[in-house]
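Worksheet: one structure, shown below.
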Amino acid sequence: MIKINSIYNLDCLEFLAKVDNNTADVAIIDPPYNMHKISWDTFKSHKEFLAFSYKWIDALLPKLKETGSLYVFNTPFNSTFIMQYLLSKRMLFQNWITWDKRDGLGASKRRYSNGQETILFFTKSKRYTFNYDDIRLPYESTARIVHASKKGILKNGKRWFPNPKGKFCGEVWHITSERHKRKKNGKIQKMEHLTPKPCELVERIIKASSNKNDLILDCFVGSGTTAIVAKSLSRNFICNDKEKKYVSLANRQLKLIEAK
Ligand SMILES: C[S@@+](CC[C@H](N)C(=O)[O-])C[C@H]1O[C@@H](n2cnc3c(N)ncnc32)[C@H](O)[C@@H]1O
């Protein structure tokens, strides 16, 4: 039996074997990408990487409730394979989210520089939580919005007034990466974890796809972002990472927010 609001230090498959079926409301999965920058992200071949990815997907899907949502991070290239696999498992596709990292990683003179990651959003059924009102964003065309707030804009024969909470959230997310945020005088700083996700990004996912006291699962929690954001939004979590040093880091960060 898994203890709620804890971070385990196991291989993902061992961890998932301990989780009861049909328990998680949301799974936020930021797995290895096979980028060969660090040992935990290095596989002998693309085939081996996919075999690993399909194994954790098979182990994970039964853990989601029928009303559950799944978010999977990866490169756009790898996401095409993960997407096909999830479709073959009868998961329901909702969105291909493009995360514009506001950062340039692979500057290239032979092709376009890459600065995006993919977040696949799938659900297990049509009955799922989506709190669109909680993730609205500020309108961009301010002059038009000022005008519309006073008199409304005629749309399909009806007067449309802007929502005071902002516009609907789209599929392209412009959120600065931690790597870019932490640069000093343009220089990359060494971080305790190579690829921490911005809290703002995970916050959007948790707010949209869960309610207070729901259970969020993350079997590759790294620096602890999912656990930290879940806690600060009054959600429960069950998290895991196979690297002891990251589990310690995640627990340290959790203690800091508990002390606040
Ligand atoms: C992309 S990082 C996750 C980063 C995290 N989202 C954050 O915000 O810090 C992937 C994580 O998966 C972990 N990992 C890699 N292989 C694993 C495995 N087989 N089982 C469990 N964790 C694994 C790594 O230690 C790493 O921390």
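As a basis for the values below, the full set of heavy atoms in this structure was taken, side chains included, without hydrogen atoms, waters or symmetry mates. In each ligand, atom 1 is the first atom listed, and ligand 1 is the first ligand listed.
Taken from OH in Y85 to CE in M91, the straight-line distance is 12.5 Å, to the nearest 0.5 Å. Rounding to the nearest 0.5 Å places OH of Y128 at 8.5 Å from CG of L92.
The aromatic rings of F15 and Y8 are tilted relative to each other, their planes meeting at an angle between 30° and 60°. By the 30° and 60° cut-offs, the orientation of the rings of W40 relative to Y246 is perpendicular. The aromatic rings of F52 and F43 sit tilted relative to each other, their planes meeting at an angle between 30° and 60°.
In terms of protein heavy-atom proximity, atom 16 (N) of ligand 1 is nearest to K242 CE, 3.6 Å. Ranking the protein heavy atoms by distance from atom 26 (C) of ligand 1 puts D241 OD2, 3.4 Å first. For atom 8 (O) of ligand 1, the closest non-hydrogen atom of the protein is T225 OG1, 2.6 Å. Considering only non-hydrogen protein atoms, atom 10 (C) of ligand 1 sits nearest to D30 O, 3.3 Å. At the shortest separation from atom 20 (N) of ligand 1 among protein heavy atoms lies C12 N, 2.8 Å.
Taking every non-hydrogen atom of P196 and a distance limit under 4.0 Å, the qualifying atoms of ligand 1 come out as 7 (C), 8 (O), 9 (O). Of all atoms in ligand 1, listed by their number and element, those nearer than 4.0 Å to a heavy atom of E243 are 25 (O). Counting atoms of ligand 1 from 1 in the listed order, those under 4.0 Å from a heavy atom of L10 are 21 (C). Annotation for ligand 1: atoms under 4.0 Å from non-hydrogen atoms of D11 are 18 (C), 19 (N), 20 (N). Close approach to C219 involves these atoms of ligand 1, each under 4.0 Å from a residue heavy atom: 21 (C), 22 (N).
Salt-bridge annotation for E117 and K101: present, with a side-chain N of the basic residue lying under 4.0 Å from a carboxylate O of the acidic one. A salt bridge links E140 to K167: one of the charged nitrogens lies within less than 4.0 Å of a carboxylate oxygen. No salt bridge links E200 with K181; every basic N to acidic carboxylate O contact stays at or beyond 4.0 Å. Taking the charged nitrogens against the carboxylate oxygens, D214 and R235 have no contact shorter than 4.0 Å, which rules out a salt bridge.
Polar contact check, Y33 against ligand 1: no nitrogen or oxygen pair lies under 3.5 Å apart. For a threshold of 3.5 Å applied to N or O pairs, the pair formed by K197 and ligand 1 contains at least one separation below that value. Between Y246 and ligand 1, no N or O atom pair is found at a separation short of 3.5 Å. Checking only distances, N240 never comes within under 3.5 Å of ligand 1, N or O to N or O.
Among P31, S223, P32, the residue whose heavy atom sits closest to atom 9 (O) of ligand 1 is S223. For atom 14 (N) of ligand 1, the nearest non-hydrogen atom from the set F52, W56, Y8, F220 belongs to F220. By heavy-atom distance, the residue among D41, V221, I38, I29 lying nearest atom 5 (C) of ligand 1 is V221.
Here H193 has side-chain heavy atoms under 4.0 Å from ligand 1, and that is the only part of it that gets that close. Counting heavy atoms under 4.0 Å from ligand 1, residue L13 does not touch it at all.
Between R144 and I153, some side-chain heavy-atom pair lies under the 4.5 Å cut-off.
Listed for the N131 side chain is no donor-acceptor partner under 3.5 Å among the backbone atoms of D133.
Residues I97 and Y33 are members of one and the same hydrophobic cluster, defined by side-chain heavy-atom contacts under 4.5 angstrom among Ile, Leu, Val, Met, Phe, Trp and Tyr.
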